[in-house]
> 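One structure is given below, represented as structure tokens, and several questions about it will come after.
Everything numeric in this text was worked out from a predicted model, so none of it was measured. So you know, we letter chains A, B, ... as the sequences are listed, proteins then strands, and number each from 1.
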Amino acid sequence: MAFNVKPAATLTFTLRDATGSKSFMSFDIPSGTLASVALIAADGMRGLLANVTGCAILAQSLVYSQVDDVPAQAVAGSRVERKGAFVYRTAAGKLARYEVPGIEPALVLADGAIDRSNVSVIALIGAMVAADAVYSDSNGSDLRSIAEAYEVYRTTKTSQLPSRRLS
Amino acid sequence: MIAQQPYLQFRLQDATGSNAISRVHVQLDTTVAASYSAAATWRGAVSAVSGCVIRDNVFVLPSVELLSSSAALASKDTMHGVFIFICAGTDQYAIVRVPGINIDLLATTGPLGGIEIDQTKPAVIALIEELTNGSWCNQFGYAIVELAAAYLQVTKNAFVVPAWLS
């Protein structure tokens, strides 16, 4: 496993025209550019775009990408639809749920709960709720403790059906 | 533009080749370097509990305009202004497509009148100067150097009747 940063980060704008149709446009910026610098550049670019397009700019996103250029093989029998749901309690007292696709069956107890005495599970939860961790809920509230951890299945999409289906 | 909660998004792949996305939010002031570190921590922890392999991840900083302006009358997203740039490096190019390009920016004379973007227009000059100031690049990281061509491209359904007229 060797994760490398892609050479360019992408700045994408969402635009809307007079009929309400949405469209997107994007620019690339060197991936070594600090996010703070890139966001300032985005501010400037929006001003310039406003002078050349009749569309209204609704939103933007700045995306830095990493890719594994030597990917390993997935464990035989793994399925993304079988997920481990980890529900955390946040500093604000609310709950935030994050799911892990392809949860190892060996980590799921007979009643569907995830084995929280397993060292790998303990390590994952510990990383998410660590005092210096940057993870949060969608409102920016720190994750403080685990509330629930269980197995859940999601519907298989057409694109996720096995390629070999014996009749 | 209001900053929304940034997040890390991971793509996992199982033994059948199916993909799934897992997303986790991070603090608003998370730097890119810190995001890489957090992503590595998450990958290491999840790899020990999931049979899937993590193929790639992104760090996304989304923003939204709370009070967006109205689009100009007759603007249409299928009318694209296409800007082709030459980049540093051999045979490297960048293409920037601007939806809803102002028709006023098109050349009005010559054989490419109505098609070519007028590069003497101040708004066009300002955009080109920004893109060639060394801060921007193509997807391979090669800096944008100079403009090669700029023209109008009309894609499908350029003149769709708005729903309220039908």
> Report yes if some heavy atom in the side chain of A:Met25 is under 4.5 Å from a heavy atom in the side chain of B:Val96; otherwise report no.
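The answer is yes; the side chains approach within 4.5 Å.
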
> Check whether B:Tyr36 reaches the backbone of A:Gln66 with its side chain - one donor and one acceptor, N or O, closer than 3.5 Å.
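The answer is no, because no donor-acceptor pair under 3.5 Å joins these two groups.
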
> If you measure from the Lys or Arg side-chain nitrogens to the Asp or Glu carboxylate oxygens, is any gap between A:Asp68 and B:Arg55 under 4.0 Å?
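No, no charged N to carboxylate O under 4.0 Å.
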
> Checking B:Asn138 against chain A: side chain, backbone, both or neither under 4.5 Å from a heavy atom?
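Contact with chain A is through the backbone of B:Asn138 alone.
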
> What part of B:Gln13 gets within 4.5 angstrom of chain A, counting heavy atoms only: side chain, backbone, both, or neither?
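For B:Gln13, backbone heavy atoms alone lie under 4.5 Å from chain A.
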
> Counting heavy atoms not belonging to A:Ile122, are there more than 12 under 6.0 Å from its CD1?
yes

> When you measure from the side chain of B:Ser50 to the backbone of A:Gly102, do you find a donor-acceptor pair of N or O atoms at a distance under 3.5 Å?
yes

> With a strict 4.5 Å heavy-atom criterion, list every residue of residues 116-124 of chain B that contacts chain A, or say none.
B:Ala123, B:Val124

> Donor-acceptor check, side chain of A:Tyr135 to backbone of B:Ala38, threshold 3.5 angstrom: yes or no?
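Yes, the answer is positive, given that a donor and an acceptor are paired below the 3.5 Å cut-off.
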
> Looking at every heavy atom in both A:Phe3 and B:Ile54, which two are closest together, and how far apart are they?
CZ-O, 3.4 Å

> List the atom of B:Gln139, the atom of A:Pro7, and the distance in Å for their closest heavy-atom pair.
O-CG, 3.6 Å

> So which part of B:Arg23 gets closer than 4.5 Å to some heavy atom of chain A, the side chain, the backbone, both or neither?
backbone

> Answer yes if the side chains of B:Gln27 and A:Asp142 hold a donor-acceptor pair under 3.5 Å, and no otherwise.
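Side-chain D/A pair, B:Gln27 to A:Asp142: present.
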
> Main chain of A:Gln60, side chain of B:Ser63: is a donor-acceptor contact present, judged purely on distance under 3.5 Å?
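Such a contact is absent between B:Ser63 side chain and A:Gln60 backbone.
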
> Which region of B:Leu105, side chain (C-beta onward) or backbone (N, CA, C, O), has a non-hydrogen atom less than 4.5 Å from a non-hydrogen atom of chain A, or is it both or neither?
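The side chain, not the backbone.
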
> Can you tell me if A:Thr53 uses its side chain to pair, donor with acceptor, with the backbone of B:Gly100 under 3.5 Å?
yes

> Do side-chain atoms of B:Ser22 reach the backbone of A:Glu99 as a donor and acceptor pair under 3.5 angstrom?
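Pair found, side chain donor or acceptor close to backbone of A:Glu99.
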
> Can you give me the closest heavy-atom contact between B:Cys52 and A:Ser78, atom names plus distance?
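Closest pair (atom of B:Cys52, atom of A:Ser78, distance): N-CB, 4.2 Å.
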
> Are more than 12 heavy atoms from other residues, nucleotides or ligands located less than 6.0 Å from atom OH of B:Tyr142?
no

